[in-house]
Amino acid sequence: MTLVLPGRLQACFVVEAEKFAWWGVDNPGASASSAGLPAGEPANLRLALPVGGQVVPAEVPAVLVEPEPAIAALAGWSPRPEAGASVHAWARIAAALREGSTVDEPRLPTAGHAALGLDGTTIWSAGAAIDAARRSVTGHPKDGIALRPYQRAGVAWLQAADGGGVLADEMGLGKTVQAIALLAARADGPHLVVCPTSLLGNWARELERFAPGLTSVTLTSYGKLRANAEQFAATPWDVVVLDEAQQIKNPDSQTARAARTLEARLRVAMTGTPVENRLDELWSLLAFTNPGLLGSRARFRRRFATAVEQRRSDAAAVRLHEIVGPHILRRRKREVAPELPPKLETTVVCRMTAEQERLYRAAMDGAFRDGFGSGIERRGRILALLTRLKQLCNHPEPRAERLDGRSGKLDRVTEMLAEIMDNGERALVFTQYRETGEMLSGHLRAPFLHGGLSIAAREELIRAFQEDDDAPPVLILSLRAAGFGLNLTRATHVVHFDRWWNPAVEDQASDRAHRIGQTRAVTVHTLLTERTLEETIAELHAGKRDLAGIATGETRTIENDLAKLSDERLREVLEPGGRR
């Protein structure tokens with residue numbers, strides 16, 4: 001299909017950039033000047049254009065203009081035949097905005113709001129475009145929440161969502177403040193916010209900070225939602241927000257079932273990982289936000305899950321993306337927050353000590369000698385072996401009195417952290433194992449944030465790390481307990497001491513430091529023990545990321561894949577490089 005420009009100058013408001021755009025001709029800058037409009041800055045603009053009887057995304061030449069000069073020029077502009085209907089419509093709207101009178105939204109043609117969102121699928125409505133233009137001229141809304149342009153665009157998208165949607169911005173882009181701005185804009189409520197217990201204090205502080213006068217919000221945990229499902233379902237909520245909505249990714253869980261019973265005018269699920277392992281997770285999210293969109297779970301499995309996950313059907317994947325795309329807003333830091341300092345990623349390869357290698361090989365030999373059985377028994381025994389091997393990569397005896405000299409990883413991380421501290425910097429060290437965390441805490445004389453701590457104790461560790469100059473410069477964290485919802489921007493280094501199967505979980509943890517508010521480059525150090533299953537995990541991570549195009553997540557479970565392998569192939573996978 002060949003793209004044909006309209007041939008006449010068009011005007012469009014780009015919601016996420018909060019700028020006007022002139023487009024529609026090969027040289028929009030020159031045409032705008034000839035028409036008495038400010039020329040602006042040349043750019044390529046992504047629009048939804050009719051091509052060959054279909055509406056498709058297309059990149060066209062444009063110029064971007066700041067709202068104030070654009071509105072000033074349009075408000076006093078005289079109609080000209082070389083300009084299209086969208087320019088004439090925006091001239092009328094600009095005059096109304098300057099006068100403070102009511103804007104007739106239906107008079108804005110499609111060309112005037114055809115700019116695509118940064119996720120490539122969102123086409124802003126006429127109302128959203130006009131409201132964004134009005135805010136850009138009149139300033140921030142009366143609630144006083146100062147939002148970045150992409151955050152204001154996110155709030156507009158949520159307001160315009162048909163019943164609900166998934167806000168899936170990358171970690172660190174401020175999903176919480178966008179949700180609070182949405183609630184403040186619908187102040188009458190009542191609203192319900194459900195989040196992990198560990199984030200209740202954070203939500204209370206953020207509400208007090210950004211919307212101190214908002215009294216219509218009920219905060220609760222997922223545990224209380226499960227325990228009091230009927231009570232919560234009996235209230236007709238205006239907005240229900242599920243924070244860290246991966247909590248409902250299992251559609252059979254009591255939490256997911258309780259969430260689906262909630263009555264609300266608008267349902268919002270917030271998560272940085274819409275899909276981690278299986279497409280059933282996507283169905284579960286959208287069954288909450290947009291009931292009925294994907295049909296019954298059985299039909300969804302037949303139509304999409306089986307086709308995509310087992311048959312790798314590109315056609316099914318494309319069709320699924322077409323259906324869910326308008327209901328999931330996903331922006332990445334590199335797109336909307338280029339001012340963030342870079343995140344530098346490095347892999348630190350560690351050698352096993354002789355003791356580690358002896359125990360690792362012994363564990364392998366014993367497991368394969370005894371056999372794994374079949375069915376559920378096989379999967380359980382393989383998972384037990386995987387856990388043992390991963391822990392041996394960390395240390396052969398984490399509870400021992402003498403730790404140094406026995407683990408290549410521990411010795412290396414000790415050297416790295418000493419150098420980091422000598423440079424006056426701070427670091428986060430993540431591990432998935434409680435025992436390993438306790439070992440690191442004792443060895444490094446650093447506090448350990450894990451799921452067994454009270455909420456108050458966790459919050460004090462975070463406050464001290466962020467605010468106290470005399471607090472230890474290293475913080476050990478449980479990957480699952482602290483992999484989301486925390487702001488730890490005082491750290492400039494993140495260390496992954498061991499490897500999690502899912503790369504998205506590690507990325508979430510890294511974003512505790514690399515998020516809005518960070519002013520320095522963040523270095524992420526991933527430790528990898530050579531010639532072990534950690535090399536396999538690194539390779540599988542790359543493969544999983546290649547499959548992440550359906551809904552910005554992953555579609556298979558590594559543990560299950562390994563359990564399906566033959567013994568011979570499994571040994572090759574767990575012992576890359578063999579016995580060198």
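Starting from 1, each residue takes its place in the sequence as its number.
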For Gln246 and Thr271, which I'm curious about, is there any donor-acceptor pair between the side chains at under 3.5 Å? yes

Does the salt bridge (charged side-chain N to carboxylate O under 4.0 Å, His left out) test come out yes or no for Glu66 and Lys19, once each step is laid out? CA-CA 5 Å; Glu66 293 293 337; Lys19 293 181 180 180; 3.5 Å; yes

Taken to the nearest 0.5 Å, the spacing of Asp162 CG from His327 NE2 works out to 7.0 Å

Regarding Arg186 and Gln159, do their side chains bring together a donor and an acceptor under 3.5 Å, going by distance alone? yes

Keeping the roles fixed (side chain from Asn290, backbone from Gly164), state whether a donor-acceptor pair exists under 3.5 Å. yes

Does Trp22 reach the main-chain N or O of Pro38 with its side chain, forming a donor-acceptor pair under 3.5 Å? yes

Quick check against the 3.5 Å criterion: does Glu345 have a side-chain atom that pairs as donor or acceptor with the backbone of Thr523? no

Which of parallel (below 30°), tilted (30 to 60°) and perpendicular (above 60°) describes Trp90 and Phe20? perpendicular

My understanding is that only residues two or more places apart in sequence, or in another chain, count here; which of them pass salt bridge (charged side-chain N to carboxylate O under 4.0 Å, His left out) with Asp188? none

Residue list, salt bridge (charged side-chain N to carboxylate O under 4.0 Å, His left out) with Arg8, at least two apart or on another chain: none

Over 12 foreign heavy atoms within 6.0 Å of CD, Glu41: no

Side chain to side chain contact (heavy atoms under 4.5 Å, CB included) between His514 and Lys333, intermediate numbers included: CA-CA 10 Å; His514 190 251; Lys333 284 187 285 242; 3.3 Å; yes

Can a donor-acceptor pair be found, under 3.5 Å and without considering hydrogens, that links the side chain of Thr220 to the backbone of Val194? no

Would you please test Gln151 and Asp169 for side-chain hydrogen bond (donor to acceptor under 3.5 Å, both in side chains) and show each step? CA-CA 10 Å; Gln151 292 172 331; Asp169 284 349; over 6 Å; no

Could you grab the distance from atom CG of Leu242 to atom CD of Gln247, nearest 0.5 Å is fine? 9.5 Å

Heavy atoms from other residues, nucleotides or ligands near CG of Asp26 exceed 12 (cutoff 6.0 Å): no

Atom OH of Tyr150 and atom CZ of Arg332: how far apart are they, to the nearest 0.5 Å? 14.0 Å

Euclidean distance, Leu329 CG relative to Gln178 CD, rounded to 0.5 Å: 7.5 Å

Leu488 versus Gln518: any side-chain heavy-atom pair under 4.5 Å? no

Taken to the nearest 0.5 Å, the spacing of Arg319 CZ from Arg303 CZ works out to 5.5 Å

Spacing of CG belonging to Leu225 relative to CZ belonging to Arg257, to within rounding of 0.5 Å: 13.5 Å

When you measure from the side chain of Ser510 to the backbone N and O of Glu506, does any donor-acceptor pair fall under 3.5 Å? yes

For Ser86 and Gln10, test the side chains for any donor-to-acceptor distance below 3.5 angstrom and give the result as yes or no. yes

